[in-house]
Amino acid sequence: MKSIKVTLLAVVAVLMASCGTTSTVPITGRTQRLLVTDEEVLSLSNQQYQQYMQTAKASTNATNTALVKQVGQRLANAVISYLNSNGLSADTKNYSWEFNLVQDQQVNAFCMPGGKIVVYEGLLPVTQNEASLAIVLGHEIAHAVAKHSAERLSNEYKNQYGTAILSSVLGNSHLSEATQQLIALGQSLGSQLWTSGFSRKQESEADHMGLIFAAMAGYDPQVATAFWQRMAAQSSGSGGLFSDHPSDADRIKNIQGWMPEALKYYKPVTTTTTTTKKTTTTKKTTTTKKTTTKKK
């Protein structure tokens, strides 16, 4: 009986593997097995993103809102350029970048697949500067580029609906039943699928990739250490931003280890200030003295 169970489990594993695709994470080169398609994940995330934005209150601070959008788009442009240059242009069709600042005092931010990123106002007093904000947004963009939500959904799917997948495969139903189960799973997980619950391995990977993305965009990656030290000082173990991440000490140690790699990508963005020199023209007036000779 035991050997039969082992055989059945092996068959299920093979069948589930045959249903998915193998993907390689940019920058880190890690291999992942995904049981869901980009289209399925984007469909679920877009629905939940729209629902969230209908209830969220957009920030009324025009300056900070513009800063989040500006930094986010600069990072997105650098990432797209990198993907196009490394044979990954097919992935870029999945991104429709949006960067939002909302009225929430939590020290937090999150990203949904497809490039929908939300920053809470409570985060900005901790970032303090544009480069540190780029470290956070780079981390969030990394979650999207590395397909971490699809990976988590695949793992949940595999754990909870292995039997449904097996039935669908054996029944030659083209996974229609499994797709329905996928939708149900996504709805049951709700926004937590996108905003929390990534594994520590994924969070560390996002730290790594985000550091490099910030450097690619011309932001000094060396600010990351001070930023995470500020985060550690204010969090006091109360959760908030990246509460499922590695410990503060491990994160800072890892970031320092990745710094030489990140600095290879770092090219500071120089701004050119044009100074117009004012030229003053002095008009010289020449007075000609007229001499009159009196005729005698």
Side-chain angles (χ1 to χ4, degrees), residues 26-28 59 61-85 92 95-102 104 106-112 114-146 148 198 202-235 240-242 245 248 251-252 254-271:
I27 304 294
T28 68
S59 173
N61 189 314
T63 300
N64 287 342
T65 298
L67 178 65
V68 168
K69 293 182 182 295
Q70 173 189 314
V71 175
Q73 194 57 57
R74 182 166 146 185
L75 282 159
N77 292 342
V79 169
I80 293 301
S81 177
Y82 170 81
L83 294 176
N84 286 334
S85 300
T92 62
Y95 303 118
S96 179
W97 303 101
E98 289 187 28
F99 301 91
N100 304 281
L101 181 65
V102 300
D104 194 315
Q106 294 183 66
V107 182
N108 212 345
F110 67 85
C111 176
M112 289 187 174
K116 304 295 189 290
I117 294 174
V118 175
V119 175
Y120 296 162
E121 285 183 324
L123 179 64
L124 297 185
V126 185
T127 56
Q128 297 184 2
N129 56 66
E130 187 172 335
S132 294
L133 177 60
I135 296 298
V136 176
L137 293 180
H139 175 104
E140 297 302 335
I141 287 173
H143 277 310
V145 173
H148 285 161
F198 292 116
Q202 290 175 327
E203 296 294 359
S204 183
E205 186 169 61
D207 282 347
H208 183 182
M209 295 171 66
L211 190 71
I212 291 175
F213 288 160
M216 286 179 179
Y219 292 107
D220 186 356
Q222 296 173 101
V223 304
T225 299
F227 166 68
W228 286 115
Q229 288 171 341
R230 293 196 298 273
M231 280 296 303
Q234 71 85 42
S235 63
L241 179 63
F242 312 150
H245 283 48
D248 296 318
R251 160 174 276 125
I252 292 172
N254 289 338
I255 284 173
Q256 291 173 338
W258 296 318
M259 195 61 65
E261 179 186 3
L263 288 172
K264 292 178 181 179
Y265 292 92
Y266 176 47
K267 293 182 180 179
V269 175
T270 56
T271 56

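Given the structure is predicted, the values throughout are model-derived calculations rather than measurements.
- Residues I27 and M216 approach most closely at CD1-CE, 4.0 Å, considering heavy atoms.
- Put simply, the side chain of T127 does not reach to within 4.5 Å of the side chain of V119, judged on heavy atoms.
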Assess whether side chain to side chain contact (heavy atoms under 4.5 Å, CB included) is satisfied between Y219 and V71, documenting all intermediate values. CA-CA 10 Å; Y219 292 107; V71 175; 3.6 Å; yes

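- In this structure, P26 and Y82 approach most closely via the heavy-atom pair CB-CE2, 4.2 Å.
- Within the 4.5 Å cutoff, side-chain heavy atoms of L67 are placed close to those of E130.
- Within the 4.5 Å cutoff, side-chain heavy atoms of Q222 are placed close to those of L263.
- When side chains are defined from C-beta on, Q229 counts as touching I252, because their heavy atoms get closer than 4.5 Å.
- Looking at heavy atoms from C-beta onward, F227 lies out of side-chain contact with N129 at the 4.5 angstrom threshold.
- Within the 4.5 Å cutoff, no side-chain heavy atoms of I141 are placed close to those of M209.
- To the nearest 0.5 angstrom, L137 atom CG is 11.0 Å from S132 atom OG.
- The minimum heavy-atom distance between W258 and S204, with the atom names listed, is CH2-O, 3.3 Å.
- Across all non-hydrogen atoms, the minimal contact from L75 to A134 is CD1-O, 3.6 Å.
- Counting only heavy atoms from C-beta outward, the side chains of F213 and V145 approach each other to under 4.5 Å.
- Distance check, rounded to the nearest 0.5 Å: NZ of K264 to CD1 of I212 gives 9.5 Å.
- Using modelled atom types and a 3.5 Å distance limit, the side chains of H139 and E203 yield a donor-acceptor pair.
- Judged by distance alone, the side chain of K69 and the main-chain N or O of F99 form a donor-acceptor pair under 3.5 Å.
- Taking CD1 of I255 as the reference point, atom NE2 of H208 lies at 10.5 Å (rounded to 0.5 Å).
- In this structure, the separation between CG on N64 and CD on E121 is 7.5 Å, given to the nearest 0.5 Å.
- Rounded to the nearest 0.5 angstrom, E140 CD and I117 CD1 are separated by 6.5 Å.
- Of the inter-residue distances, the one linking F110 atom CZ with Y120 atom OH reads 4.5 Å to the nearest 0.5 angstrom.
- Under the 4.5 Å side-chain criterion, counting only non-hydrogen atoms from C-beta, M231 is not in contact with R251.
- Of the possible polar contacts, none joining the S81 side chain to the N77 backbone as a donor-acceptor pair under 3.5 Å is found.
- Minimum interatomic distance between A144 and G115 (heavy atoms only, all atoms of both residues): CB-N, 4.4 Å.
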Would you please test M259 and L211 for side chain to side chain contact (heavy atoms under 4.5 Å, CB included) and show each step? CA-CA 8 Å; M259 195 61 65; L211 190 71; 4.3 Å; yes

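- Residue V223 comes nearest to I135 through the heavy atom pair CG2-CG1, 3.9 Å, listed as atom of the first residue, atom of the second, then distance.
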